[in-house]
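All remarks here apply to the structure that follows.
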Amino acid sequence: MALPLLTPTAANAAYYGSETNYVAISSGPTGDYECAGWVGVTACWKPDGDEFYVRDIQADGHSAVAEWFFDSKYGTDRTGACVNNLGEGNWGLCNKDFAEGEIMNWRGARYEGGGLLDRENTWTWWVT
């Protein structure tokens, strides 16, 4: 009896951290925000509203992602990924809710099949 071939799905993908969100389509960030870009991805963080914006900027079949970790002095650390699977040229938005006055660390990355691509040209530096 042949076993079925299993492939990663949104339900079992091994994305960064414990919280994985898929973007809602957006026109991009407005107001005060900071962005980091690299090959294939632009990721932006807007602290007022706790919003991640992610844009896929390369038609290569890979998802553009904002990976993040939230350091809390109150012991409620969180990690996660905001995944843009809308295709090249599209902005996406993940609206989160974090405690005020804490430290957010994030970066842009490219994923394939639920995980990071090879180590070269895969992600931006962490931004704090």
Side-chain angles (χ1 to χ4, degrees):
M1 177 171 149
L3 295 175
L5 179 63
L6 299 176
T7 57
T9 64
N12 66 6
Y15 293 110
Y16 182 87
S18 58
E19 295 179 39
T20 297
N21 301 107
Y22 290 84
V23 299
I25 197 159
S26 171
S27 58
T30 59
D32 293 328
Y33 58 90
E34 184 173 359
C35 295
W38 195 247
V39 176
V41 59
T42 299
C44 303
W45 166 243
K46 184 177 178 181
D48 182 23
D50 296 337
E51 297 171 337
F52 285 104
Y53 292 86
V54 183
R55 186 174 187 197
D56 187 332
I57 57 174
Q58 189 169 351
D60 57 8
H62 305 305
S63 295
V65 180
E67 296 180 329
W68 55 268
F69 67 94
F70 179 76
D71 282 335
S72 172
K73 59 186 169 196
Y74 302 109
T76 54
D77 296 349
R78 294 165 58 186
T79 60
C82 173
V83 181
N84 182 336
N85 57 356
L86 301 174
E88 190 253 341
N90 294 300
W91 279 103
L93 164 68
C94 290
N95 194 345
K96 303 298 288 179
D97 186 18
F98 299 107
E100 301 303 315
E102 304 286 342
I103 297 173
M104 172 58 67
N105 302 279
W106 57 275
R107 69 181 178 182
R110 292 188 306 151
Y111 282 15
E112 178 179 333
L116 278 173
L117 293 171
D118 61 33
R119 291 192 169 274
E120 188 174 340
N121 295 327
T122 301
W123 59 78
T124 67
W125 294 102
W126 286 104
V127 180
T128 300

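Values below: every heavy atom of this structure, side chains too, minus hydrogens, waters and symmetry copies.
To the nearest 0.5 angstrom, Tyr53 atom OH is 5.5 Å from Thr30 atom OG1. The distance from the CH2 atom of Trp91 to the OG atom of Ser27 is 10.0 Å, given to the nearest 0.5 Å. Here the straight-line distance linking atom CZ of Phe52 with atom SG of Cys82 works out to 7.5 Å at 0.5 Å rounding. Between atom CG of residue Asn90 and atom CD of residue Glu88 there is a gap of 8.0 Å, rounded to the nearest 0.5 Å. Atom OH in Tyr111 sits 13.0 Å away from atom CG in Asn85 (nearest 0.5 Å). Between Ile57 atom CD1 and Asn84 atom CG the span is 11.0 Å, to the nearest 0.5 Å.
No donor-acceptor distance shorter than 3.5 angstrom exists from the side chain of Thr20 to the backbone of Ala81, with no hydrogens or angles considered. Between the side chain of Arg55 and the backbone N or O of Gly89, at least one donor-acceptor pair lies under 3.5 Å.
With sequence neighbours left out, the side chain to side chain contact (heavy atoms under 4.5 Å, CB included) criterion links Cys35 to Tyr33, Thr42, Cys44.
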Applying side-chain contact (heavy atoms from CB on, under 4.5 Å), run through Leu86 and Ile25 and close with a yes or a no.
-> CA-CA 8 Å; Leu86 301 174; Ile25 197 159; 4.0 Å; yes
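Of all non-hydrogen atoms in Trp45 and Glu51, the two that sit nearest each other are CE3-O, 3.4 Å. Taking both residues in full, the closest heavy atoms of Glu67 and Ala109 are given as CD-CB, 4.0 Å, listed atom of the first, atom of the second, then distance. Scanning all heavy atoms of the two residues, the minimum distance from Ala36 to Val127 falls at CB-CG2, 4.0 Å. The two residues Ser26 and Gly92 come nearest to each other via the heavy atoms CB-C, 4.1 Å.
Following chains of ILVMFWY side-chain contacts shorter than 4.5 Å, one cannot reach Leu93 starting from Val54, and the two form parts of different hydrophobic clusters.
Comment: Arg110 does not engage Asp56 in a salt bridge, judged by the lack of any side-chain N to carboxylate O separation of less than 4.0 angstrom. For Arg78 and Glu19, the salt-bridge test passes: some basic side-chain N is under 4.0 Å from an acidic carboxylate O.
Taking 4.5 Å as the limit, some side-chain heavy atom of Val39 sits within range of a side-chain heavy atom of Gln58. Within the 4.5 Å cutoff, side-chain heavy atoms of Lys96 are placed close to those of Trp68. Here the side chains of Phe69 and Asp77 are not in contact, with every heavy-atom distance at 4.5 Å or above. Looking at heavy atoms from C-beta onward, Trp106 lies in side-chain contact with Glu34 at the 4.5 angstrom threshold.
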